Amino acid sequence: MSVLSEQEIQRREALQKLRELGINPYPADEYPVTHTAAEILANFNDHEPEKFAQVSLAGRVMSKRIMGKAAFVDLKDSTGKIQVYFNRDEICPSEDKTLYNEVIKKLTDIGDFIGVKGHVFRTQMGEISIHIKEFTFLCKALRPLPVVKVDAEGNVHDAFNDPEQRYRQRYVDLVVNPHVKEIFVKRTRIIQAMREYFNSFGYLEVETPILQPIPGGAAARPFVTHHNALDIPLYLRIANELYLKRLIVGGFEGVYEFAKNFRNEGMDRTHNPEFTGMEIYIAYKDYHWMMRFTENLLEHVAKSVNEGNTQVQVGDKTIDFKAPYPRVRMYDAIKQYTGFDISGMNEEQLRGVCNQLGIEVTPEMGKGKLIDAIFGEKCEHHFVQPTFIIDYPVEMSPLCKKHRDNPALTERFELIINGKEIANAYSELNDPLDQRERFEEQFKLSQRGDDEAMFIDHDFLRALEYGMPPTAGLGIGIDRLTMMLTNQVSIQEVIFFPQMKPEQITAAPKDEDWTEVGIPEAWVPLAKEAFGNISTMRSLKPTQVHQQLNGLRKKKKLDIPALQLTEVETWFK
RNA sequence: GACUCGGUAGCUCAGCAGGUAGAGCACAACACUUUUAAUGUUGGGGUCCUGGGUUCGAGCCCCAGCCGAGUCACCA
């Protein structure tokens, strides 16, 4: 066990005292709650205090202000904070003031959960508060919570803001940083709004495999695992696209899934190894229809997280999600921002363009990747307001139907907002022979060294051979959409538990370290147990150390000679 | 993966030509009749991320490592 800090020791002592007073610090009983903090603060009216003559609520103690026989505590429940007021002589009408003097003043700490009953009133300072008649201990907290204070001007003092601690101990982050909680509430609201929208069309939410024998539907390096009973490798999915399309083959006309995907790639402020993608496939539609569907969807989502407003502040820009959004052909965008007309260029010519534009290229990059590099470096960041970039080159889009007017292009769009890709959609490729050729192209790329080129999924081809109706499909990165709608620049701020390296467990002192001080080997385990580390031991008086160790020896009935004080004193030299 | 910055009390941070470790909040004790970052007085609290090295002496200098952040590279 690690060494306890002073404050942790004090809290354990308080826990013990509560038990001695007959108070269960961890009761099992239901605590009936009649009101929330937010309800009371919103609805209390000075002219009708009788409406809140009897309230009962529960929450965590966030601050304590004690003045003689009056005490104020901020109680935080899931809806917010409310002040509660304790008066000694009302809590303890008799001579025995223990409940107030001991339990409230001394044994209740910041972080503890309590339940309170009383009536609502307004203090002389004008704050709506609860006048307590009765209170119940619900949970004793053994670790001190960081105390974040906000003054009258709204300045935050002693913010708990070290990213490492915030992500590793998200539970603490959520307790003391209300704005963090707000982001995650919005995240859920975004997903709910999308679900509502899809369901209003009658589309079906489905679940497809996360463990896949062939990781398909995207170009990315997968995580590999192994199934023991089948003795085969399985991959954590990088996308769910191919499975949803199989369901369209099976006769569903609209299916969608919010899917956790996994990609074994680098991590940074826009990439987490697991992330959430929403994909939806709708039969008998094309990408033009899907653009209208998408812009209306995002308008709906923006309004539902934003009190009906379509405008969202993102950094120093205001983004308006109001439909419709402009459609810009990819080649036109490249022409506009680079001056080059790349339509009809071959790989060689594209390399030349990249060189002239100062874009680095590698030999294994094919046509698709070259065009993508040009667009990514020279165009993408120009599109701040939501814009559909349409008609991607066929080499970039192996699962997308060829353009009805130009076989070098595909019927694909990406939605760019604030220079970033938020959505990706196609008129889905349903020609099984074409799909087979595209997979084979990908296979060649992978032989050339592109380790992200797609695998060939023969079962998926078989499904297409049975026939898939014309279908439009859309994918949206939920994490990135959430970042945008909550004005966050780091993906870690919109994922509760972002992936991090495991915490180092700091090595406890080795046995040699103890013996070096002069402690006999037989006593080392006892010294470890009693003091944890050498400096803790040395912070005590030799007499205390002497007594504690001999006490342990007696307690454990160890057959070793008792320590002499003079011997112990030498350890402190 | 490269570079830059950071890791000191429960939290936020300071620290210096290398010379026994500081502040605010939190904690403890006392005072206080409804306080608002409550206040006042007093007090306790630290393997200065880890491991080596230089030195009479290292939180500080050197080397190696760990963890995090930022920038870049990679990334449909």
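Every value quoted in this text rests on a predicted model; they were computed, and no experiment measured them. Order of the sequence lines fixes the chain letters, A, B, ..., with proteins taken first and strands second; residue numbering starts at 1 for each chain.
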**OP:** For G57(B), give its Watson-Crick or G-U wobble partner with both distances under 3.5 Å, or none.
**Re:** none
**OP:** Give a yes/no answer on whether the side chain of Lys501(A) brings an N or O atom under 4.0 Å of OP1 or OP2 in C67(B).
**Re:** yes
Original post:
Taking atom types as modelled and ignoring hydrogens, do the side chains of Thr98(A) and Asp96(A) form a donor-acceptor contact shorter than 3.5 angstrom?
Top reply: yes
Subject >> Pairing partner (Watson-Crick or G-U wobble, both distances under 3.5 angstrom) of A28(B) >> reply: U42(B)
Subject >> Integer angstrom distance from the P of G40(B) to that of U4(B) >> reply: 46 Å
Subject >> C1'-based separation of G15(B) from C60(B) [nearest Å] >> reply: 9 Å
**OP:** Tell me whether the OP1 or OP2 atom of U71(B) has a side-chain N or O from Arg269(A) closer than 4.0 Å.
**Re:** yes
Original post:
At under 4.0 Å between heavy atoms, what does Phe160(A) touch on the DNA or RNA strands: base, sugar-phosphate, or nothing?
Top reply: sugar-phosphate
Subject >> Check against salt bridge (charged side-chain N to carboxylate O under 4.0 Å, His left out), Glu257(A) and Arg237(A) >> reply: CA-CA 13 Å; Glu257(A) 180 177 17; Arg237(A) 72 175 162 207; 3.3 Å; yes
Subject >> Who pairs with C48(B) - Watson-Crick or G-U, where each distance is under 3.5 Å >> reply: none
Original post:
If you measure from the C1' atom in C16(B) to the same atom in A31(B), how many Å do you get, rounded?
Top reply: 40 Å
Subject >> Members of residues 120-129 of chain A that approach RNA chain B, where some heavy atom sits under 4.0 Å away >> reply: Phe121(A), Thr123(A), Gln124(A), Met125(A), Glu127(A)
Subject >> Candidates G68(B), C32(B), A76(B) - which lies nearest the side chain of Met67(A) >> reply: C32(B)
Original post:
Lys105(A) NZ to C32(B) P: how many Å, rounded?
Top reply: 8 Å
**OP:** Grab the two heavy atoms, one from Ala37(A) and one from Asp77(A), that are nearest each other, plus how far apart they are.
**Re:** N-OD2, 2.8 Å
**OP:** With sequence neighbours excluded, tell me which residues meet side-chain hydrogen bond (donor to acceptor under 3.5 Å, both in side chains) with Lys81(A).
**Re:** none
Subject >> Donor on one side chain, acceptor on other, Asn424(A) and Arg412(A), under 3.5 Å >> reply: yes
**OP:** Using whole Å, report how far CG of Asn101(A) lies from P of A29(B).
**Re:** 12 Å
Original post:
Taking the C1' atom of each, how far is G57(B) from G19(B), in whole Å?
Top reply: 7 Å
**OP:** Given side-chain hydrogen bond (donor to acceptor under 3.5 Å, both in side chains), test Ser5(A) with Glu8(A) step by step and report yes or no.
**Re:** CA-CA 5 Å; Ser5(A) 70; Glu8(A) 289 174 299; 3.2 Å; yes
**OP:** Report which part of the nucleic acid Arg11(A) touches: base, sugar-phosphate, or nothing (heavy-atom distance under 4.0 Å, all strands).
**Re:** nothing
**OP:** May I ask which nucleotide in the shown strands pairs with U34(B), Watson-Crick or G-U wobble, both distances under 3.5 Å?
**Re:** none
Original post:
Toward the 5' end of RNA chain B, which comes first, Asp158(A) or Pro163(A), by nearest nucleotide?
Top reply: Asp158(A)
**OP:** Select base, sugar-phosphate, or nothing to describe what Pro398(A) touches, counting heavy atoms under 4.0 Å on all strands.
**Re:** base
**OP:** Specify whether His131(A) and His119(A) have parallel, tilted or perpendicular ring planes, treating 30° as the upper limit for parallel and 60° as the lower limit for perpendicular.
**Re:** parallel
Original post:
Looking for any heavy atom pair under 4.0 Å, which part of the strands does Glu421(A) touch: base, sugar-phosphate only, or nothing?
Top reply: sugar-phosphate
Subject >> Any strand: nucleotide that pairs with G6(B) via Watson-Crick or wobble, under 3.5 Å >> reply: C67(B)
Original post:
Has the side chain of His271(A) got a donor or acceptor atom sitting under 3.5 Å from an opposite partner on the base of C75(B)?
Top reply: yes
**OP:** Have a look at Asn161(A) and say if it touches a base, only the backbone sugar-phosphate, or nothing, with a 4.0 Å heavy-atom cut-off.
**Re:** sugar-phosphate
**OP:** Evaluate the salt bridge (charged side-chain N to carboxylate O under 4.0 Å, His left out) criterion for residues Asp372(A) and Lys369(A): first the C-alpha distance (whole Å), next the side-chain angles of each, then the deciding distance (0.1 Å), finally the verdict.
**Re:** CA-CA 5 Å; Asp372(A) 192 43; Lys369(A) 286 218 165 186; over 6 Å; no
Original post:
Does any nucleotide pair with A14(B) by Watson-Crick or G-U wobble geometry, both distances under 3.5 Å, and what is it?
Top reply: none
**OP:** Would you mind classifying the nucleic acid contact of Glu395(A) as base, sugar-phosphate or nothing, using non-hydrogen atoms under 4.0 angstrom?
**Re:** nothing
Original post:
Taking the nucleotide of RNA chain B with the closest heavy atom to each, which residue, Asp162(A) or Glu377(A), is nearer the 5' end?
Top reply: Asp162(A)
Just the table, please: protein N/O against nucleotides 2-10 of chain B N/O, every pair under 3.5 Å.
unit_1: G10(B); atom_1: N7; unit_2: Gln7(A); atom_2: NE2; d: 3.4

